[in-house]
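Below: the structure, in structure tokens.
Numbers restart at 1 for each chain; the letters A, B, ... are given by sequence-line order, proteins then strands.
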Amino acid sequence: DSGVTQTPKHLITATGQRVTLRCSPRSGDLSVYWYQQSLDQGLQFLIQYYNGEERAKGNILERFSAQQFPDLHSELNLSSLELGDSALYFCASSVADRATGELFFGEGSRLTVL
Amino acid sequence: GEDVEQSLFLSVREGDSSVINCTYTDSSSTYLYWYKQEPGAGLQLLTYIFSNMDMKQDQRLTVLLNKKDKHLSLRIADTQTGDSAIYFCAESIGDYKLSFGAGTTVTVRA
């Protein structure tokens, strides 16, 4: 158990819908990272937050947004969903604001878009 | 560029050594990592190497870094069935980002 909690574990929805994925980082960790894992794209970095502020952005689509709340949990919002958004979405956390140490990953939220 | 490349599959007999190879592109990467993903689980850090090192050994794991060729390898000695998993190579891109390879699925056969 990494200490990172992600909900829901599984989600099935239809194209055009909107979903919210939630992540609670390890106790004491201030950074939260979101990654998308799909069969054809591998593990893609989406976005990072540190103590409520956006720190780095990766290949995140404009239809996607994220935020980190004062209690440090984070939410990833995916809207106007397309079939290609079906993937495993991982949240990871770390103590530091820099990704030069160990990242602790949650078990992921599997999104299926039908 | 931010491409990390690794072979997709490796099959190894139990008790043999496994070698997983990876190439990366960012010569300024400070750290290089190996993560392991078991079925139904998130990624877990196995080991990492600082860019000024050539080799790091940690029990059954040996990491070799060839900075000139931007080549990283992970050797697992005496491979066990519990080592069956997906292994990801990752490089640090600047201070805030890790770029992962596609993962190598290691299958250990009896």
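Ranked by heavy-atom pairs shorter than 4.5 Å toward chain B, the options A/Arg110, A/Gln6, A/Gln37 are led by A/Gln37.
Heavy-atom neighbours of A/Phe69 CZ from other residues, nucleotides or ligands within 6.0 Å: above the threshold of 12. The local environment of CZ in A/Arg63 is crowded, with over 12 non-hydrogen atoms from other residues, nucleotides or ligands closer than 6.0 Å.
In this structure, B/Leu98 and A/Leu103 have side chains that are in contact, with non-hydrogen atoms separated by less than 4.5 Å. Using a 4.5 Å heavy-atom cutoff, the side chains of B/Leu43 and A/Leu43 are in contact.
Hydrophobic clustering of Ile, Leu, Val, Met, Phe, Trp and Tyr side chains at less than 4.5 Å, counting indirect connections, unites B/Ile20 with B/Leu61. Linking ILVMFWY side-chain heavy atoms closer than 4.5 Å, directly or via other members, places B/Val19 and B/Leu65 in two distinct hydrophobic clusters. A chain of hydrophobic side-chain contacts below 4.5 Å, direct or via other Ile, Leu, Val, Met, Phe, Trp or Tyr residues, connects B/Met53 to B/Val63.
The ring-ring contact (aromatic ring centres under 6.0 Å, His included) test with B/Tyr35 is passed by exactly one of A/Phe105, A/Phe90, A/Tyr35, A/Phe104: A/Phe105.
Listed for the B/Tyr33 side chain is no donor-acceptor partner under 3.5 Å among the backbone atoms of A/Glu102.
For chain A, no part of B/Gln44 is nearby; none of its heavy atoms comes within less than 4.5 Å.
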